[in-house]
Structures are given as C-alpha cells and as structure tokens.
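Heavy atoms only: backbone and side chains are in, while hydrogens, waters and symmetry mates are out.
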Amino acid sequence: QVQVEESGGGLVHTGESLRLACTFSGLTFDDYAMGWFRQAPGKEREAVSYIDRVGTIRRYPEFVKGRFTIAKHNANNTLSLQMDSLKPEDTAMYYCAAVRANNNGQYFTSSRDYTFWGQGTQVTVSS
C-alpha cells in the first residue's frame with residue numbers, strides 16, 4: 001500500500017520562502033517520476049514543477065521559474081519543493097504526485113498522468 005506524507009506548508013509574507021516535502025512509502029521510489037501541483041479556490045489544478053525518476057531533468061512553468069526548485073532525494077524517498085520569493089498569487093493548496101516512469105529523463109506534465117497523490121498542504125502568502 002502506497003502512502004504519501006506531505007509537510008511544510010504555512011503562512012508567510014511576500015518575498016519569504018517555504019520548503020515543502022513529501023515522503024513516499026510502499027513503492028520503489030527510484031522508478032517514479034514526480035511533480036508538484038497547486039490549486040487555488042475557484043481555479044483549476046495547475047502544475048508547478050516536474051522531475052524525472054533519477055532527479056536530473058526538471059521543468060517549471062514560466063510563472064515559477066527561477067523561484068521554485070524541485071528535488072528528488074532517492075536515498076530517503078523524499079520529494080521536495082523549495083519556494084523562494086513567494087507572491088500572494090502563489091497562495092494555494094499544494095500537492096505532490098508520483099507516476100511510474102519507464103525511462104530516465106521521462107517526465108509528465110498532466111495531472112491525469114499521475115497515480116499517487118499527497119493529501120495536500122496549504123500555502124498562504126500575505127501581501
């Protein structure tokens with residue numbers, strides 16, 4: 001049984017930082033590509049970063065590029081998201097997700113591709 005434990009959300013001011021983390025158990029962590037998504041009230045879920053199964057290929061949408069950093073720590077089955085220079089528009093519920101990948105370098109951009117999800121952690125950025 002796969003379990004995902006998310007942590008790290010909170011309330012910060014504009015310009016401050018947060019680090020989110022997800023710890024996975026019950027799967028072979030090295031086999032999975034991963035991503036972070038977010039959903040604000042009244043809006044659709046959107047991707048904020050993707051990473052391949054070995055942690056070398058990382059991609060970001062323009063609105064977080066240069067501010068967010070995704071990392072995959074295969075030694076301890078943890079996925080992280082370092083968020084710097086936070087803005088009020090970053091306020092949302094953040095979710096980690098995992099999908100089995102067949103190849104190194106493969107990453108997935110659609111939430112529909114992902115199999116396992118964290119429970120979500122709230123990030124609130126005040127102006």
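Legend: residues meeting side-chain hydrogen bond (donor to acceptor under 3.5 Å, both in side chains) with Thr124, ordered by chain and number and at least two apart, are Gln122. Among residues two or more places apart in sequence or in another chain, the side-chain hydrogen bond (donor to acceptor under 3.5 Å, both in side chains) test is passed with Asn77 by none. When the side-chain hydrogen bond (donor to acceptor under 3.5 Å, both in side chains) test is applied to Arg67, the partners found at least two apart in sequence or on another chain are Asp90. When the salt bridge (Lys or Arg N to Asp or Glu O under 4.0 Å) test is applied to Glu62, the partners found at least two apart in sequence or on another chain are Lys65. By the ring pair (Phe, Tyr, Trp, His ring centres under 6.0 Å) test, Phe24 is found to be paired with Phe29, residues two or more places apart in sequence or in another chain being considered. Take Thr28 and apply the side-chain contact (heavy atoms from CB on, under 4.5 Å) test, not counting sequence neighbours, and it matches Asp31. Remark: Asn103 pairs with Gln106 by the side-chain contact (heavy atoms from CB on, under 4.5 Å) rule, at least two apart or across chains. For Lys87, there are no side-chain hydrogen bond (donor to acceptor under 3.5 Å, both in side chains) partners two or more places apart in sequence or in a different chain.
Counting only distance, with no hydrogens or angles, the side chain of Arg53 and the backbone of Ala101 share a donor-acceptor pair below 3.5 Å. Under a 3.5 Å cut-off, the side chain of Trp36 and the backbone N or O of Ser80 do form a donor-acceptor pair. Under a 3.5 Å cut-off, the side chain of Lys72 and the backbone N or O of Tyr32 do form a donor-acceptor pair. In this structure, Thr121 contributes its side chain and Tyr94 its backbone to no donor-acceptor pair below 3.5 Å. Distance alone, capped at 3.5 Å, is enough to place a donor-acceptor pair between the Thr78 side chain and the Asn76 backbone. Formation of a donor-acceptor pair under 3.5 Å by the Arg58 side chain with backbone atoms of Ile70 is found in this model.
Using a 4.5 Å cut-off on side-chain heavy atoms (C-beta onward), Leu20 and Val123 make contact. Arg59 has its side chain out of reach of Ile51: every pair of non-hydrogen atoms, C-beta onward, lies at least 4.5 Å apart. Looking only at side-chain heavy atoms (C-beta outward), Arg19 and Met83 stay at 4.5 Å or farther from each other.
Taken to the nearest 0.5 Å, the NZ atom of Lys43 stands 8.5 Å off from the CD atom of Glu89. Note that the OG atom of Ser111 and the CD atom of Gln39 stand 9.0 Å from one another [nearest 0.5 Å].
Of all heavy-atom pairs between Ser49 and Leu81, the closest is OG-CD1, 3.6 Å. Minimum interatomic distance between Pro61 and Ala47 (heavy atoms only, all atoms of both residues): CG-O, 3.4 Å.
Counting only residues at least two apart or on different chains, no disulfide (SG to SG under 2.5 Å) pair has a member in residues 26-91. Within the structure, side chain to side chain donor-acceptor pair (under 3.5 Å) pairs that include any residue of residues 4-17 comprise Ser17-Asp84 (at least two apart or interchain). Sorted by first then second residue, the ring pair (Phe, Tyr, Trp, His ring centres under 6.0 Å) pairs that include residues 55-82, not counting sequence neighbours, number zero.
Under a 4.5 Å side-chain heavy-atom criterion applied to ILVMFWY residues, the cluster that includes Tyr114 comprises Phe37, Tyr50, Ile57, Met93, Tyr95, Val99, Tyr107, Phe108, Trp117 as well.
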**Asked** Passes side chain to side chain contact (heavy atoms under 4.5 Å, CB included), Val4 versus Cys96? Steps please.
**Response** CA-CA 9 Å; Val4 185; Cys96 60; 3.5 Å; yes

